[in-house]
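Here the structure is laid out as structure tokens; the discussion comes afterwards.
All chains are named by letter (A, B, ...) in the order of the sequence lines, taking the proteins before the strands, and each is independently numbered beginning at 1.
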Amino acid sequence: MLIKTDLLLMAIERYNPRESEPYWRKVWDEKKLFETDNDDPRPKYYVLEMFPYPSGRIHIGHVRNYAMGDVIARYKRARGYNVLHPMGWDAFGMPAENAAMQNKVHPRDWTYRNIDMMRAQLKSMGLSLDWSREFATCDVEYYHHQQHLFLDFLEHGLVYRKQSKVNWDPIDQTVLANEQVVDGRGWRSGALVEQRELTQWFFKITDFSQELLEALDDLDQWPEKVRLMQKNWIGRSEGLHMHWQIVPETSQSDETSLAVYTTRPDTVFGASFMAIAADHPLAISAAEDNTDLAAFCDACRRIGTSVAALETAEKEGFDTDIKVRHPFDPDWFLPVYVANFVLMDYGTGAIFGCPSGDQRDLDFANKYGLPVVAVVMPEGNDATSFQITEEAYVDDGVMINSQFLDGMTPKDAFDEVANRLEAIEIDGQPQAQRETNYRLRDWGISRQRYWGCPIPVVHCETCGVIPVAKADLPVRLPDDIDFEKPGNPLDRHPTWRDVACPQCGENAKRETDTMDTFVDSSWYFARFTAPWQDAPTDPAAADDWLPVDQYIGGVEHAILHLLYSRFFTRAMRIAGHVDLKEPFKGLFTQGMVVHETYRGKDGWLMPSEVRVEEDAGRRRAFCLDSGDEVDIGSIEKMSKSKRNVVDSDEIVESCGADTARFFMLSDSPPERDVIWTEAGVDGAHRFVQRVWRLLSEAAPALEGVEPNPARQGQAVEISRAAHKALKAVGEDLEKLSFNKAIARMHELVNTLQAPLTTAAAGKADVATLAALKDAVCILVSIMAPMTPHLSEECYRTIGRTKLVAETDWPVFDQELVTDDTITLPVQINGKKRGDLTIARDADQLTVEKAVLELAVVQTALAGKTPRKIIVVPQRIVNVVV
RNA sequence: GCCCCUGUGGCGGAACUGGUAGACGCGUUGGAUUCAAAAUCCAAUUUCUUCGGAAGUGUCGGUUCGAGUCCGACCGGGGGCACCA
């Protein structure tokens, strides 16, 4: 008696991912299932995850990112698309140089070694990637074509050189990025950082300011948040470029007028001072014979170094004694100050200050005893008594104390001032012009570093800057370099650096700057469409595949990477490499994976070094090695410094790739952060095992059965559940709602559990078996994008000969997803009081009649007639008493 | 400081265009199985309750037959930008 169930259970082995997963990956590989043919006539779908930096290990955050992309890729493939799903490496950058300095490893060796390790890790996840298109941005074949693009952009006037300030570390003799400057000191050397003027290369992204802004409106498959961030970053403002005449006897400069940019010309009668940047020509000339002013200007320039200093610096100014004349009142003179908060590189480097309408100007005026005249007041106040003292008024209202503007709205006053000044001529030009300004700056791409794409130009003393001929590309990075000395190794590599001028043949020097690594990632998506091409792109292939249908990555790239890629697409179009406007049609920004932190007495510990116990409701953590108790810290973004990282190998090793993938997609909506917990992994693992157990137990009973959904009898519930789940999962995956799709899978398994157990015991009838077989095939198919290995294993077990990866997405039966009777909730005065089960197509009157017969309704009415009955078809009934 | 997003059980989260709040999972509790445990299965699980019900989606108000969803104010959490004239 006991024997038969026991034997059955014992005969079923647990699903062993360590054996199954490598097996199925080999099967897919051998069939080259995921290698994409550009000439395949089916409709194309390009899904791409932001490629990783080869830091050495794939961590669980990558797993989440790539699992999402893979679900989409596998789903779209099953839906009959020709899917492109490539992978590569964002392989240039500083960590390789840091490793070279610390460990005496060549950056190239370090990078390629990391790539090898990470490729193996990615492969163990079972991603449906086309590995035949793989490349790293540090491959000569890749940066060769990037140099080609640079030269094309140069020809089309999209690249130029100009002097620009950089953060210079005098000990390391290197340029630092802003985030490498901590409290005004270099992060590595600790030296005080200097501002240096270097001639650097720039891409003219500002040529496209307006277009990049406008085109955001059409990116309707992008998160609203990202579009808004880009919009703010571009920062368009509309204002007036206006000239203030300088009173000649107050200035030694030849300039006769001071140009300012303002977005509030309406407040011109509230002006009480002018403020100019320390680098403004007027400031420089005034400082020539005023040592105090010169000292002040120097102090302003120094403060520009660190972000922290900027934030805390007090608003300060210095009176130049120069005066300007008010444009509408020849007897009104205003002082010109040099101020530390005015930037030379925005607008004209000069402003007029209206203290009543701007808090900063008000603080400044109060500090230096300058007049404060209110010019805009909130509607309904009394103009004679309205005053501004400590708080500026910046909102809409009505103009006061402004002569001909009095009574107007600020908007009308803006136009009136603009119109009047445009009509006045001084020095042969209008006194003002309407002007649109953008916050967006040109993209400085010069980096004084070794491990990057060399900028392909030569500097010749006689001929100037000479581009390397395209036929002479690539300009390769030299291999024999040393990092023993500070500074850029390219700069002190004579045999690489010293060349003959391509034009005159005389001695010349190569450009030793390399490109910002954001350049590398600005066009890789285009290269993937034809990575074998002996040109940056194969335009036909690029136009066929692009834009990327679904791009997935972290929100931290919302601005720079995405904006640069949008610029590159436009520039490449001008150079004839692609013919499209936008690179990414659909964008999805996934949340981070976060984890608890653990801190022992010797510093941070990794989750794998810690054992967590629950003790009387309190969680305590202990170091595995020493047994000492450690502190459980806050939940934070996984980072090397806090050591709260989970490596993909660890988890694939212990539970298998499917479990890791499944967990990363469960519970939390994909755009939100997800907390990595042991309990969560266990839950996912349990589900994987449960599905396997149920299916493999029932497999002998189902093996020879032809799948056939039930139309009647008890088995119809099985078929209804399966087809409803199929429909819902399809809709969820289209919306990238992976967590909801998983909930539907759980529901289906819950429904199938009892009948599958019955079938396994040999007690199911023919109709049920056929319905079950149909349901099980559906279950395996809808799970396959998330748990591809398990699904193949299940598919084989139930007697299917094809691979799931080669099987089309099943089609749901419309009849099975619509119920013929529905249960309507019945409310009385908006509160639910009962249910009414009625035919789906029952008309309003029938429903009303049936509702009135319900006992709850009768009691509530107590013989009276209802005031109103609201019937929302298929939804709800509300009886108002 | 400015801009944006967000707030639902012990926890992660569902709830389509205003229509049964808490799907699904985790955790917890009870039970079955077991010599015992693990695993598994079954049941319960928003709170209060006089067991009839009542309250409930950050707080307070509004619109509506009906509000987690819409509007206004406030409070908390997260993010972006930050001398941008």
[X] side-chain N/O to [N] phosphate OP1/OP2 under 4.0 Å:
| X | N | answer |
| --- | --- | --- |
| A/Tyr346 | B/A85 | yes |
| A/Arg672 | B/C5 | no |
| A/Arg439 | B/C2 | no |
| A/Ser237 | B/A85 | yes |
| A/Arg236 | B/C84 | no |
| A/Asn750 | B/G25 | yes |
| A/Gln753 | B/C42 | yes |
| A/Arg360 | B/C84 | yes |
| A/Arg14 | B/U40 | no |
| A/Asn739 | B/A14 | yes |

Practice item. Assess whether one donor atom and one acceptor atom, taken from the side chain of A/Arg441 and the base of B/C84, lie less than 3.5 Å apart. Key: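 Yes, the side chain and the base share a sub-3.5 Å donor-acceptor pair.
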Practice item. Report yes if a donor N or O on one partner sits less than 3.5 Å from an acceptor N or O on the other, where the partners are the side chain of A/Lys740 and the base of B/C24; otherwise report no. Key: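 Side chain to base: no pair present.
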Applying a 3.5 Å limit to both distances, which nucleotide forms a Watson-Crick or G-U wobble pair with [N]?
| N | answer |
| --- | --- |
| B/G76 | B/U6 |
| B/G1 | B/C81 |
| B/A39 | none |

Nearest to the side chain of [X] - [options]?
| X | options | result |
| --- | --- | --- |
| A/Leu228 | B/U40, B/A21, B/C4 | B/C4 |
| A/Arg693 | B/U40, B/C83, B/A23 | B/U40 |
| A/Ala743 | B/C83, B/C81, B/C24 | B/C24 |
| A/Asp667 | B/G12, B/C83, B/C81 | B/G12 |
| A/Ile559 | B/U40, B/C24, B/C81 | B/C81 |
| A/Ala679 | B/C81, B/C26, B/A23 | B/C26 |

Point to revise | Syn or anti for B/G52 (syn when the glycosidic angle lies within 90° of 0) | key: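 Nucleotide B/G52 adopts syn.
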Review point. Going by a 90° cut-off around 0, is B/G56 syn or anti?
Key: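 Anti.
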Check your understanding: For A/Leu343 and A/His746, take the nucleotide of RNA chain B holding the closest heavy atom to each; which residue's nucleotide lies nearer the 5' end?
Key ->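 Result: A/His746.
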Check your understanding: If each of A/Tyr261 and A/Asn232 is mapped to the nucleotide of RNA chain B with the nearest heavy atom, which maps nearer the 5' terminus, i.e. the 5' end?
Key ->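 It is A/Asn232 whose nearest nucleotide is closer to the 5' end.
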Can you tell me how far [atom1] in [N] sits from the matching atom in [M], rounded to whole Å?
| N | M | atom1 | answer |
| --- | --- | --- | --- |
| B/C11 | B/U47 | P | 11 Å |
| B/G25 | B/U45 | P | 14 Å |
| B/G58 | B/A54 | P | 22 Å |
| B/G22 | B/A15 | P | 13 Å |
| B/C81 | B/G68 | C1' | 31 Å |
| B/C60 | B/A67 | P | 15 Å |
| B/U6 | B/U17 | P | 14 Å |
| B/U69 | B/U59 | P | 11 Å |

Point to revise | CD/A/Gln359: more than 12 non-hydrogen atoms of other groups inside 6.0 Å | key: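 Count over threshold, so yes.
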Just the rounded figure in Å: distance from [atom2] of [N] to [atom1] of [X].
| X | N | atom1 | atom2 | result |
| --- | --- | --- | --- | --- |
| A/Leu560 | B/G80 | CG | P | 12 Å |
| A/Ile742 | B/C26 | CD1 | C1' | 14 Å |
| A/Asp279 | B/C83 | CG | P | 15 Å |
| A/Phe738 | B/G13 | CZ | P | 16 Å |
| A/Asp732 | B/C24 | CG | P | 15 Å |
| A/Gln689 | B/U40 | CD | P | 9 Å |
| A/Phe663 | B/G13 | CZ | C1' | 13 Å |
| A/Asp345 | B/A85 | CG | C1' | 13 Å |

Just the table, please: protein N/O against nucleotides 64-71 of chain B N/O, every pair under 3.5 Å.
unit_1: B/C65; atom_1: O2'; unit_2: A/Asn878; atom_2: ND2; d: 3.3
unit_1: B/C65; atom_1: O2; unit_2: A/Asn878; atom_2: ND2; d: 2.5

What contact category does [X] fall into here, base, sugar-phosphate, or nothing, at under 4.0 angstrom with non-hydrogen atoms?
| X | answer |
| --- | --- |
| A/Val342 | base |
| A/Thr263 | sugar-phosphate |
| A/Arg867 | nothing |

Judged by modelled atom types alone, do [X] and [Y] share a side-chain donor-acceptor pair under 3.5 Å?
| X | Y | answer |
| --- | --- | --- |
| A/Gln590 | A/Arg672 | no |
| A/Asp442 | A/Thr206 | yes |
| A/Tyr15 | A/Ser696 | no |
| A/Arg833 | A/Gln827 | no |

Would you call the rings of [X] and [Y] parallel, tilted or perpendicular, where under 30° means parallel and over 60° means perpendicular?
| X | Y | value |
| --- | --- | --- |
| A/Tyr564 | A/Trp443 | parallel |
| A/Phe687 | A/His746 | tilted |
| A/Tyr368 | A/Phe364 | tilted |

Practice item. Working to the nearest 0.5 Å, report the span between CD of A/Gln431 and CE of A/Met242. Key: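 So the CD of A/Gln431 and the CE of A/Met242 are separated by 6.5 Å.
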Check your understanding: Does A/Asp819 pair with A/Arg720 as a salt bridge, N-O distance under 4.0 Å?
Key ->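 Yes.
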Check your understanding: Ion pair present between A/Lys727 and A/Glu731, side-chain N to carboxylate O less than 4.0 angstrom?
Key ->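 Yes, A/Lys727 and A/Glu731 are salt-bridged.
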